[in-house]
Amino acid sequence: MDAYDAGPGASRAPGTSQDPETGPPPGDTGESPPPEPRTGVAALSPRYQIAAALALAVVAVTVCVHLGMVFLHVAPSNTVTKTHGRAIDDWVYPEFEQNWKLFAPNPLQQNIAVQVRAQIRTTGGDTRTTGWYDLSAQDGRAIDGNIVPSHTQQNELRRAWDFFTATHGADNRSLGLRGALSETYLRRIVVLRLDRGGAAGADEVVERVQVRSSTTNVTPPKWSTEKVSLTPVYRVLPWWSVPDAEAEGGVR
């Protein structure tokens with residue numbers, strides 16, 4: 001006599017999960033639950049999964065290369081920077097330039113303001129010269145009270161001026177091949193700022209711009225005996241002609 005013939009008190013056969021007379025337990029249909037839907041990259045087709053993986057790999061490699069280049073740029077002179085210094089500079093300048101070095105920071109002890117004025121051709125064919133626009137002061141006002149100022153507000157103008165001074169001598173003459181690039185970079189920035197500020201009226205055109213810097217020493221702390229001059233020192237650049245495409249706002 002097997003377990004089924006032994007009556008209600010008999011034990012079930014090993015591996016038996018339900019009573020054949022009563023059927024499956026309540027709520028158990030006897031079927032496995034459906035698989036959970038896939039999400040994220042796993043929900044894509046194999047072709048798009050491969051494309052997403054390649055895109056992530058490209059981004060990861062680019063980030064690693066950029067961090068490595070910036071690290072070598074700010075690191076002390078070594079064998080790598082001596083051998084591949086030109087490639088590192090080409091990657092970093094002008095957008096990612098740093099004015100400090102690892103293990104030897106050089107805090108700025110001067111306030112440098114970049115200012116610009118323009119010669120504008122009026123609708124009547126005459127030429128008028130604007131006053132000096134203090135672009136650094138405009139950036140300062142935009143940052144003041146802003147808890148998350150943009151990179152452009154903080155660094156664009158300052159980096160452009162640092163790039164220019166690094167590629168030009170005290171006589172404002174270019175010291176190398178990057179001199180022309182730094183002039184174009186700085187000129188485009190100031191022309192865009194003049195355009196946003198409405199320096200030229202309706203139907204007027206900016207023909208030339210002139211940039212200057214105003215350098216003022218930072219006041220020493222009260223406990224210091226150091227004496228510095230607080231009189232601004234100006235560095236005035238020559239007039240630059242503005243190409244028609246830039247004068248009409250074609251550069252963005």
Check: Has the side chain of Ser136 got a donor or acceptor atom that lies under 3.5 Å from a matching backbone atom of Val114?
Finding: yes
Checklist line | Interatomic distance, Ser182 atom OG to Leu175 atom CG [nearest 0.5 angstrom] | finding: 9.0 Å
Next item on the list: Please assess Val206 against Val242 for the test side-chain contact (heavy atoms from CB on, under 4.5 Å), listing each intermediate value before the final yes or no.
Entry: CA-CA 7 Å; Val206 176; Val242 179; 4.2 Å; yes
Next item on the list: Quick one: list whatever passes salt bridge (Lys or Arg N to Asp or Glu O under 4.0 Å) with Asp171, sequence neighbours left out.
Entry: Arg173
Margin query: To the nearest 0.5 Å, what is the distance between CG on Leu186 and CG on Asp162?
Written below: 10.5 Å
Checklist line | For the student: nearest non-hydrogen atoms of Arg128 and Ala199, plus distance | finding: NH2-O, 3.1 Å
Checklist line | Check: Pro46 main-chain N/O paired with Gln49 side-chain donor or acceptor under 3.5 Å | finding: no
Check: Are Trp91 and Val65 side-chain neighbours, meaning at least one heavy-atom pair lies under 4.5 Å?
Finding: yes
Checklist line | Under the ring pair (Phe, Tyr, Trp, His ring centres under 6.0 Å) test, residues paired with Phe71 that sit two or more places apart | finding: none
Next item on the list: Please say whether more than 12 non-hydrogen atoms of neighbouring residues, nucleotides or ligands are located less than 6.0 Å from CG in Asn78.
Entry: yes
Checklist line | Full working for side-chain contact (heavy atoms from CB on, under 4.5 Å) between Val116 and Leu194 | finding: CA-CA 8 Å; Val116 63; Leu194 290 171; 4.0 Å; yes
Notebook entry, point to check: Taking all atoms of both residues into account, what is the closest heavy-atom pair of Val190 and Arg187, and its distance?
Noted result: CG2-O, 3.1 Å
Note to self: Give me the atom names and distance for the closest heavy-atom approach of Ala202 to Thr123.
What the structure shows: O-CG2, 3.7 Å
Note to self: Quick check on the hydrophobic clustering: are Ile112 and Trp132 connected, directly or via other members, by side-chain heavy-atom contacts under 4.5 Å?
What the structure shows: no
Notebook entry, point to check: Is there a chain of hydrophobic side chains (I, L, V, M, F, W, Y, each step under 4.5 Å between heavy atoms) that links Val63 to Leu72?
Noted result: no
Note to self: Are Phe96 and His73, when compared by the centres of their aromatic rings, separated by less than 6.0 Å?
What the structure shows: no
Margin query: Contact between Arg235 and His168 at the side-chain level, heavy atoms closer than 4.5 Å - yes or no?
Written below: yes
Next item on the list: Any chance you could measure Ile143, atom CD1, to Gln138, atom CD, to the nearest 0.5 Å?
Entry: 12.0 Å
Check: What distance do Leu135 atom CG and Arg158 atom CZ have between them, rounded to the nearest 0.5 Å?
Finding: 15.0 Å
Note to self: Looking at every heavy atom in both Ala160 and Ile189, which two are closest together, and how far apart are they?
What the structure shows: CB-CD1, 3.5 Å
Margin query: On a heavy-atom basis, which atom in Ala180 and which in Ser174 lie closest, and how many Å separate them?
Written below: N-OG, 4.3 Å
Note to self: Per the side-chain hydrogen bond (donor to acceptor under 3.5 Å, both in side chains) rule, what does the pair list look like for residues 215-229, sequence neighbours excluded?
What the structure shows: Gln110-Asn217
Next item on the list: Please indicate whether Leu230 has more than 12 foreign heavy atoms, meaning atoms of other residues, nucleotides or ligands, lying under 6.0 Å from its CG.
Entry: yes
Next item on the list: Can you sort out the partners of Glu156 under salt bridge (Lys or Arg N to Asp or Glu O under 4.0 Å), two or more places apart, ordered by chain and number?
Entry: Arg193
Margin query: With a 4.5 Å cut-off on side-chain heavy atoms, are Tyr234 and Ser213 touching?
Written below: no
Margin query: Any heavy-atom pair between the side chains of Thr83 and Thr79 that's under 4.5 Å?
Written below: yes
Next item on the list: Find out whether Gln115 and Tyr133 are in side-chain contact, i.e. whether some heavy atom of one side chain is under 4.5 Å from a heavy atom of the other.
Entry: no
Margin query: So, taking the atom named CD in Gln153 and the one named CG in Asn146, what distance separates them when rounded to the nearest 0.5 Å?
Written below: 6.0 Å
Check: With sequence neighbours left out, what residues match Arg212 under salt bridge (Lys or Arg N to Asp or Glu O under 4.0 Å)?
Finding: none
Item checked: Val80-Val92 co-clustered via ILVMFWY side chain contacts under 4.5 Å -> yes
Item checked: By side-chain contact (heavy atoms from CB on, under 4.5 Å) - contacts of Thr129 (at least two apart) -> Arg117, Gln119, Trp239
Margin query: Could you check whether any side-chain heavy atom of Leu181 comes within less than 4.5 Å of a side-chain heavy atom of Tyr93, counting everything from C-beta outward?
Written below: no
Notebook entry, point to check: Between Asp90 and Arg86, is any pair of side-chain heavy atoms under 4.5 Å apart?
Noted result: yes
Notebook entry, point to check: Is there a side-chain hydrogen bond (donor to acceptor under 3.5 Å, both in side chains) between Asn155 and His151 once you walk through the steps?
Noted result: CA-CA 6 Å; Asn155 298 317; His151 177 76; 3.1 Å; yes
Check: Is it true that Leu56 and Ile50 fall in one hydrophobic cluster, defined by side-chain heavy atoms closer than 4.5 Å?
Finding: no
Notebook entry, point to check: Got Pro238 and Asn172 here, is their nearest side-chain heavy-atom distance under 4.5 Å?
Noted result: yes
Next item on the list: Show the numbers, then the answer: is there a side-chain contact (heavy atoms from CB on, under 4.5 Å) between Trp240 and Gln210?
Entry: CA-CA 6 Å; Trp240 291 336; Gln210 186 177 34; over 6 Å; no
Check: About how many Å separate OG of Ser214 and CG of Asn111, when rounded to the nearest 0.5 Å?
Finding: 9.5 Å
Note to self: To check you understand the geometry: which heavy-atom pair defines the closest contact between Pro76 and Thr81, and what is its length?
What the structure shows: O-OG1, 4.3 Å
